[in-house]
K.L.:
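So that we are looking at the same thing, I have put the structure below in structure tokens.
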Amino acid sequence: MVPWIFVHNPLERWLDDYPRIFDAWETGGVGGIVVGRMWLRNEAGMPLWGDTLTPSFAADPKVYAAFGIKPPPETARTPEREKQLHALLDNAASRGWHIMIFDSRDGLRLLYQRGQGTTSGLAEEEDPFGAIEVAAGVHDLASAYPQAHGVILDQPGETFYELAFHRGQALLELDGRMRHRLEAIGADVERVARGMAHLNERFHNLTPDLVRYHASGGMLGALNLFDLNEDALYWLRARREAARGFMRAVHTQMQRLGGKVELGGIPRTAAFSSLTGHEFGEMAEYFDYVCPKHYFWHRGNDGLYGTMARWVQQVLDWNPTLLEADGFAVVKAFLGLELPGVQTLADMELGFPEEFYSELVYNETRRALEAIGDVNKVIAWVSTGRRPHGGEPMTARDLHGILTASERAGLQRFLFQPDPDLSAPEWSVISDLCGKRWHPSRDGYWPSDSSRPDAFSR
């Protein structure tokens, strides 16, 4: 497989030593980088999205004029750091690497605000999904950074997937943002609310006899277990249409300007894609690359183990007569997800058995590849927990298991996200599988999340 590496914020951490880092990465088989978000620190420091961040480029007014919207205002600049950032990208391009810029819908909308509270000037009905703003932001980034092939959007149009209230969201709650998105696709929002309320009530009133009778009964058993009526089914379809509506709108707006700007999207892994509205086959129609999150850690956010555990625990909290086995059965009936070697929540504290990689990671990868139908469009987004996700750290063995199972399933490229920095064992695994194995030496390259031997000398 060919690895890409995420050159993430704060971008300053890479700017002073990138030639040596890139030399080592190239030897280890790296064939691409994803850089972003494209913000730099001003003199005051760097709280995320705070007033001390400034865009790393000036807006191109012609781009925004082409979309019929106002350009963002000028802000303070950091010219020396911007020059270094361009030099970094030039260096990567000279190696023949594929270069993409990372951002998100919300991040791109901040290009308009730039700390001054301004907007594109469009009424909501003119741009209900914010797609014009997003497409203009993507083209603005492409104009500012000609070294890049395109932009990858995080969670494009994603709908909520956590059963418990987590990260400010919950599956069975209808907030203002989701209501607005449903209105944009012409959905009957009140019917959606009824369907959600019906399923919410059912989730609070599961009994051992219902679970043990219906949970193992396939689709028909699950329909009875969750008492999915017409309103609940309408809600499920509307969620999918809301996500599709955003992706379709962005795709349409992207066609307005000439030139090819590649677009990628980052959904959660296949096990959660029906919840998030990211049907992979549909995503492939709108994106040049689909980057399923190979996130499997416990706790934190976005990890498969953590999400599964929260679902089971929430089911048990709502239904105290159920046993843990019943909770797992409920989640399997609703999501189709079963963890190899896991019978209890306590089992999830013991790490990942070999079957987790050979069965679950393999199947998740195969599902993505089969749905998308073009291996060149699939780039798994691999991470091992820690920051910024707050998950339980995964080991080098876990990373090795994820990568080897994914390769066996047919994956050809992956993007590795250091959390927050690349560690020595992680780089050893990646370089060994994909290029020339890293050989640590006193004066050579050392991954940033590791200590050189002389660091302990007195």
Side-chain angles (χ1 to χ4, degrees), residues 1-9 25 30-37 97-105 107 148-158 161 247 262-273 276 278 280 283-284 286-297 300-307 357 360-369 371-372 374-391 393-394 398-407 409-422 426 429-430 433-434:
M1 287 191 298
V2 177
W4 294 7
I5 303 290
F6 187 22
V7 179
H8 55 74
N9 297 101
W25 287 2
V30 169
I33 58 173
V34 176
V35 185
R37 298 181 172 98
W97 287 357
H98 205 99
I99 302 170
M100 300 290 286
I101 293 171
F102 167 81
D103 220 301
S104 65
R105 176 182 184 274
H149 297 84
V151 175
I152 296 181
L153 299 179
D154 192 18
Q155 307 168 178
E158 181 177 276
Y161 54 83
M247 294 186 287
E262 294 179 344
L263 193 63
I266 312 174
R268 287 209 67 182
T269 188
F272 301 116
S273 60
T276 62
H278 287 141
F280 288 177
M283 287 193 73
Y286 305 128
F287 294 94
D288 298 284
Y289 304 109
V290 180
C291 307
K293 293 179 179 178
H294 270 30
Y295 290 0
F296 301 114
W297 54 79
N301 66 74
D302 279 358
L304 185 144
Y305 254 44
T307 300
Y357 315 110
L360 192 143
V361 175
Y362 176 89
N363 289 335
E364 290 294 288
T365 308
R366 280 306 313 164
R367 288 180 66 184
L369 291 168
I372 294 164
D374 182 352
V375 68
N376 295 312
K377 281 196 164 196
V378 185
I379 306 170
W381 195 286
V382 178
S383 180
T384 52
R386 293 181 292 165
R387 290 181 289 172
H389 302 100
M394 299 178 74
D398 297 323
L399 177 60
H400 185 273
I402 291 168
L403 295 181
T404 54
S406 298
E407 184 174 38
L411 188 71
Q412 294 184 4
R413 285 182 293 184
F414 68 94
L415 181 288
F416 184 70
Q417 176 173 344
D419 287 320
D421 294 319
L422 193 63
E426 289 168 343
V429 168
I430 293 171
L433 291 176
C434 304

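These values consider heavy atoms only, across backbone and side chains, with no hydrogens, waters or symmetry-generated copies. Residue indices begin at 1 and follow the sequence shown.
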K.L.:
Taking the six-membered ring for Trp, are the ring centroids of Trp297 and Tyr295 within less than 6.0 Å of each other?
P.N.:
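Yes; Tyr295 has its ring centre under 6.0 Å from that of Trp297.
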K.L.:
In the structure I gave you, are the side-chain heavy atoms of Val290 and Pro267 within less than 4.5 Å of one another anywhere?
P.N.:
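They are in side-chain contact.
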K.L.:
Dump the intermediate steps for side chain to side chain contact (heavy atoms under 4.5 Å, CB included) on Tyr357 and His400, then the final yes or no.
P.N.:
CA-CA 9 Å; Tyr357 315 110; His400 185 273; over 6 Å; no
K.L.:
Compare all side-chain heavy atoms of Asp154 with those of Asp103 and state whether any distance is below 4.5 angstrom.
P.N.:
no
K.L.:
Ignoring hydrogens, what is the shortest heavy-atom contact between Ser406 and Thr365? Give both atom names and the distance.
P.N.:
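Residues Ser406 and Thr365, closest heavy atoms: OG-OG1, 3.4 Å.
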K.L.:
Step by step, would you call Trp25 with Val7 a side chain to side chain contact (heavy atoms under 4.5 Å, CB included)?
P.N.:
CA-CA 12 Å; Trp25 287 2; Val7 179; 3.9 Å; yes
K.L.:
Tell me, do Phe416 and Val382 make a side-chain contact under 4.5 Å, heavy atoms counted?
P.N.:
yes
K.L.:
Search all heavy atoms of Leu369 against all heavy atoms of Ala409 and return the closest pair with its distance.
P.N.:
CD1-O, 3.4 Å
K.L.:
Are any non-hydrogen side-chain atoms of Val34 and Ile5 less than 4.5 angstrom apart?
P.N.:
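The answer is no; the side chains never approach within 4.5 Å.
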K.L.:
Is a donor from one side chain sitting under 3.5 angstrom from an acceptor on the other, for Lys293 and Gln417?
P.N.:
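No.
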K.L.:
Using a 4.5 Å cut-off on heavy atoms from C-beta on, say whether the side chain of Pro156 contacts that of His278.
P.N.:
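Contact flag for His278/Pro156 side chains = yes.
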K.L.:
Within this structure, what is the CD1-CZ distance for the pair Ile402 and Phe296, rounded to the nearest 0.5 Å?
P.N.:
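If I round to the nearest 0.5 Å, the distance is 5.5 Å.
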K.L.:
Side chains of Met1 and Arg413, heavy atoms from C-beta outward: is any pair under 4.5 Å?
P.N.:
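Not in contact.
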K.L.:
How close do Trp97 and Val30 get, counting heavy atoms only, and between which atoms?
P.N.:
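Result for this residue pair: NE1-O, 3.1 Å.
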K.L.:
Just by distance, with hydrogens left out, do Arg268 and Thr307 show a side-chain donor and acceptor under 3.5 Å apart?
P.N.:
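Judged by distance alone, the side chains do pair up.
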K.L.:
Rounded at 0.5 Å granularity, tell me how far CD1 in Ile101 sits from NE2 in His149.
P.N.:
11.5 Å
K.L.:
Whether Lys377 and Asp288 form a salt bridge (side-chain N of Lys/Arg under 4.0 Å from carboxylate O of Asp/Glu) is what I want to check.
P.N.:
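Salt bridge absent between Asp288 and Lys377.
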K.L.:
The test is side chain to side chain contact (heavy atoms under 4.5 Å, CB included); show your working for Leu399 and Met394 and say whether it passes.
P.N.:
CA-CA 7 Å; Leu399 177 60; Met394 299 178 74; over 6 Å; no
K.L.:
Answer with yes or no whether the side chains of Thr269 and Glu364 bring together a donor and an acceptor at under 3.5 Å.
P.N.:
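Yes - a donor-acceptor pair under 3.5 Å links their side chains.
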K.L.:
May I ask you to check whether Tyr161 and Asp302 show a side-chain donor-acceptor distance below 3.5 Å?
P.N.:
yes
K.L.:
With side chain to side chain contact (heavy atoms under 4.5 Å, CB included) as the criterion, how do Leu411 and Glu407 come out once you've worked through the C-alpha distance, each side chain's angles and the decisive distance to 0.1 Å?
P.N.:
CA-CA 5 Å; Leu411 188 71; Glu407 184 174 38; 5.7 Å; no
K.L.:
Rounded to the nearest 0.5 Å, how far does CG of Asp421 lie from CD of Glu426?
P.N.:
9.5 Å
K.L.:
Write down the atom of Gly265, the atom of Ile152, and the distance for their closest heavy-atom approach.
P.N.:
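Answer, listing the atom of Gly265 first, then Ile152: N-CG2, 4.3 Å.
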K.L.:
With a 6.0 Å cut-off on the ring centroids, do His8 and Phe102 count as close?
P.N.:
no
K.L.:
Between atom CG of Leu415 and atom CD1 of Ile33, what is the distance when rounded to the nearest 0.5 Å?
P.N.:
10.5 Å
K.L.:
Closest heavy-atom contact between Ala405 and Tyr362?
P.N.:
O-CD1, 3.7 Å
K.L.:
Determine, using ring centers only, whether His98 and Tyr289 are less than 6.0 Å apart.
P.N.:
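Ring-ring flag for Tyr289/His98: true, centres closer than 6.0 Å.
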K.L.:
Measure the spacing between OG1 of Thr384 and CG of Leu422 and express it to the nearest 0.5 Å.
P.N.:
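Between atom OG1 of Thr384 and atom CG of Leu422 there are 9.0 Å.
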K.L.:
Please find out if less than 6.0 Å separates the ring center of His294 from that of Trp381.
P.N.:
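Ring centres of Trp381 and His294 not closer than 6.0 Å.
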K.L.:
Hey, what do you get for OG (Ser273) to CE (Met283), rounding to the nearest 0.5 Å?
P.N.:
10.0 Å
K.L.:
So, for Cys434 and Phe414, which heavy atoms are closest and what is the spacing to 0.1 Å?
P.N.:
SG-CE2, 3.8 Å
